[in-house]
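In what follows, every chain begins at residue 1, and chains take the letters A, B, ... in the order their sequences are listed.
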4 protein chains.
Amino acid sequence: MSRQDETYRLLSSLVLRPSRRRESSRRATLDAALALLRADGYGAMTIERIAARAGVGKQTIYRWWPSKGAVVFEALLEDLRVSLTFDDTGDLRADLTTQVTSLSRVFASPDGRHMAALIGGAQGDPDLAQALLEHWVRPRRRYAMAFLQQAKDRGQLRPDLDLEVGIDIIWAPLYYRLLLHYAPLDEAHAAAVVDAALTGLAVRSD
Amino acid sequence: MSRQDETYRLLSSLVLRPSRRRESSRRATLDAALALLRADGYGAMTIERIAARAGVGKQTIYRWWPSKGAVVFEALLEDLRVSLTFDDTGDLRADLTTQVTSLSRVFASPDGRHMAALIGGAQGDPDLAQALLEHWVRPRRRYAMAFLQQAKDRGQLRPDLDLEVGIDIIWAPLYYRLLLHYAPLDEAHAAAVVDAALTGLAVRSD
Amino acid sequence: MSRQDETYRLLSSLVLRPSRRRESSRRATLDAALALLRADGYGAMTIERIAARAGVGKQTIYRWWPSKGAVVFEALLEDLRVSLTFDDTGDLRADLTTQVTSLSRVFASPDGRHMAALIGGAQGDPDLAQALLEHWVRPRRRYAMAFLQQAKDRGQLRPDLDLEVGIDIIWAPLYYRLLLHYAPLDEAHAAAVVDAALTGLAVRSD
Amino acid sequence: MSRQDETYRLLSSLVLRPSRRRESSRRATLDAALALLRADGYGAMTIERIAARAGVGKQTIYRWWPSKGAVVFEALLEDLRVSLTFDDTGDLRADLTTQVTSLSRVFASPDGRHMAALIGGAQGDPDLAQALLEHWVRPRRRYAMAFLQQAKDRGQLRPDLDLEVGIDIIWAPLYYRLLLHYAPLDEAHAAAVVDAALTGLAVRSD
DNA sequence: CACTAATCGAGACGGTACGTCTAGTCTTAGA
DNA sequence: TCTAAGACTAGACGTACCGTCTCGATTAGTG
């Protein structure tokens, strides 16, 4: 390849980006990925099989996604459409419980296992980890942060509270149970977590 | 052979079972696994390489461990020796902070990445998941439970508190940060989590 | 995809089949097989080692040959190029002796051991047996048959003779000595066999 | 071990040789070998399986036989008991035909495939080759030689005939057909071979 | 008749190769 | 030019046997 070709290619990929990417191949790939995920589970999937089922060349997948996890995550995310937004009724405890319960239900469903597998896969796949952070973790925390900030502004939360830590305390237990299989995820647990987080474990010393 | 002999033979083969497992092979395998883990990371390891480095037949590994993850976990656990026990000075907040900080330090160290990889691997490896639950999660929670129960008995915790939920709220954030890579694990975070969990997020309504 | 397209696709895959087999891999495989055969002998060879020496993936070998024996036989046959054709000088005894001696020399050479190993291997490898029959036994017998038929037409052979049996009697002793290691193969033996076969063992009763 | 001990040991092993070999183990091994040969064929057998079926330690087999082939050959030979002796009625052609047909029948039976497998195995197993030569080939040829010598003495065979070559010509075709699978072995073929060998292929030139 | 050493069954061991699978790259024909 | 198809190198998978090596538990023959 000549120097000029190279330059052109670089420019076009960054700037012009005609993006001859064929939408039909993208769709077929994601559909196949989702179908295989639901049928066989994350571990049993391979890029080879996704390509075969999608009627798409392997190269086409490697061209547009950095790893198996990235394909599967995109497919699952597109399908999952878990609500990000909070109802803000003013009843802090109720609104939080609604939100936490909603995620808990997803985690308890078959798709919960797939999320777990993806988080698991991300431990050895930086691209997937990146995608997960960007398209799952950060948006969720952003909305939660806004919600809690409003509650704080209304004086419903301790004024000295670090909201990042608050989010950790409320949501981390769901991920813990999802990934450690210590005990099942259910609505009672979700509600109890919100309750304990808001009230605190310690007796009131004042 | 007499009937009695036969019975004896059967019993001895089932019950006494001298288990001719050779300790030297076990040691070599675990040492090799640990060395490779530290050198290349969990993802880059293979049973083949563990066997080669240990100077052990692959079959010998497959004979005694159900999966790569199980070998690595046993090796890491043996080496880690993270303290399980709590100092119980009576100062609940201080004791919890000490304990949580200690685990946080492990998670922040290189071995934290290995623990993350193992928890990740457990999502697709039931044997590893089982081992993790049995030899990591449950013992830790058992000690934490005893500790919190004593605090509760002393009247330091809310009498209506579900201690399982309490443990979740205190420790889950560490696993969350370990696995989701949202933000680094450090001592300040550990202390803030303990603090928020004990005090609660909400303003005191009374 | 239209119905016609589908039909075309099916037909082209079955009939046209461009066979994208890469000649360079075929060559490297056969060369490596021959080199290993000559160096270590048939028994000590493995598909693994052929692949390694050829710089070829194992799968590529398994894709195109049904067994180790089939690869080795193809390699040896390509290299051996034993003459099939007969000089037909009209002197039946001399021509046969020339031909039998020629094969006897091959059998007495190092390649003879390899042929023996291949015939041995064919006893438990139907694919190799098939290849041996198709590319060694049958062509040889076809030429021998044509030669003997001409001699018979010229009145040099008994008119009631079953030529298949005639071929057996002349050539089988070479295979017998090759495989049973009863006594060495040499030119004197080859000539004696031709002589005895033509003349017969019995005294002439007329 | 002292020098004297060593000497004693050597002597006793060579001379006294109490041979504590347990006949029951030998029997069980050979029976198991034969059963597996008949059930699965030579290629599918392993020393491991023979030992397991015989209820015998692998070491015991390795102690007394040099290779799988040697065990199987001993087992088959013990069971086969093909007649070695010739009826000598004076009718040379008839007696030979009887004998050749008898071996042809064995080769055409399932045990023929096993003999073929053993001859095949002998190509890569010197111990088996040795056993085959000693206990199959040589005894057979010895008897044939004696028989043909008598015929020669009676003036039924050409006085200048090399009897080794004569034996080759008569019996080799059976081995050829057994091992090359060119055409089936049947009684007609056996008779035709004897006939052609005795009479010769060529027209009588005198 | 007890002793003692070879033999036995069992099966773990270090190895090697098997045949399969998938990764990720490369080649080719066709749209 | 980009795609699908799929062949390619590479190498791990988990299994099967190899032949060697303990390990106690039988056996014989000997002392």
Students often get this wrong, so: under 4.0 angstrom with heavy atoms, is [X] touching a base, only sugar-phosphate, or nothing?
{"X": "C/Thr60", "result": "base"}
{"X": "D/Arg22", "result": "base"}
{"X": "B/Arg49", "result": "sugar-phosphate"}

Rounding to a whole Å, what distance do you find between [X]:[atom1] and [N]:[atom2]?
{"X": "C/Arg53", "N": "F/dT9", "atom1": "CZ", "atom2": "P", "result": "16 Å"}
{"X": "B/Asp125", "N": "F/dG14", "atom1": "CG", "atom2": "P", "result": "10 Å"}
{"X": "D/Asp40", "N": "F/dA16", "atom1": "CG", "atom2": "P", "result": "14 Å"}

Whether [X] contacts [N] is assessed here as follows: a side-chain N or O lying under 4.0 Å from the phosphate OP1 or OP2. Is that the case?
{"X": "A/Thr46", "N": "E/dC21", "result": "no"}
{"X": "C/Arg63", "N": "F/dC8", "result": "yes"}
{"X": "A/Ser25", "N": "F/dA4", "result": "yes"}

note = Nearest heavy-atom contact between D/Ala51 and D/Gly57 is CB-C, 4.3 Å
Is a donor-acceptor contact shorter than 3.5 angstrom present between the side chain of [X] and the base of [N]?
{"X": "C/Arg20", "N": "E/dT28", "value": "yes"}
{"X": "B/Gln59", "N": "E/dA12", "value": "no"}
{"X": "D/Lys58", "N": "E/dG9", "value": "no"}

inquiry  = Checking contacts here: which listed nucleotide (E/dA5, E/dA12, F/dT3) is nearest the side-chain heavy atoms of B/Trp64?
reply    = E/dA12
Among F/dT15, E/dA5, E/dT25, the nucleotide that comes nearest once only the side chain of A/Tyr62 is considered = E/dT25
ask   = Is it true that the NZ or CZ of B/Lys68 lies under 6.0 Å from the centre of B/Tyr42's six-membered ring and within 45 degrees of the ring axis?
value = yes
task = Please answer whether the main-chain N or O of D/Ser25 pairs with a side-chain N or O of D/Thr29 as donor and acceptor at a distance below 3.5 Å.
result = yes
query = Would you find a donor on one side and an acceptor on the other, under 3.5 Å apart, between the side chain of B/Arg113 and the backbone of B/Gly41?
reply = no
ask   = Between D/Asp127 and D/Ser67, is any side-chain donor less than 3.5 angstrom from a side-chain acceptor?
value = no
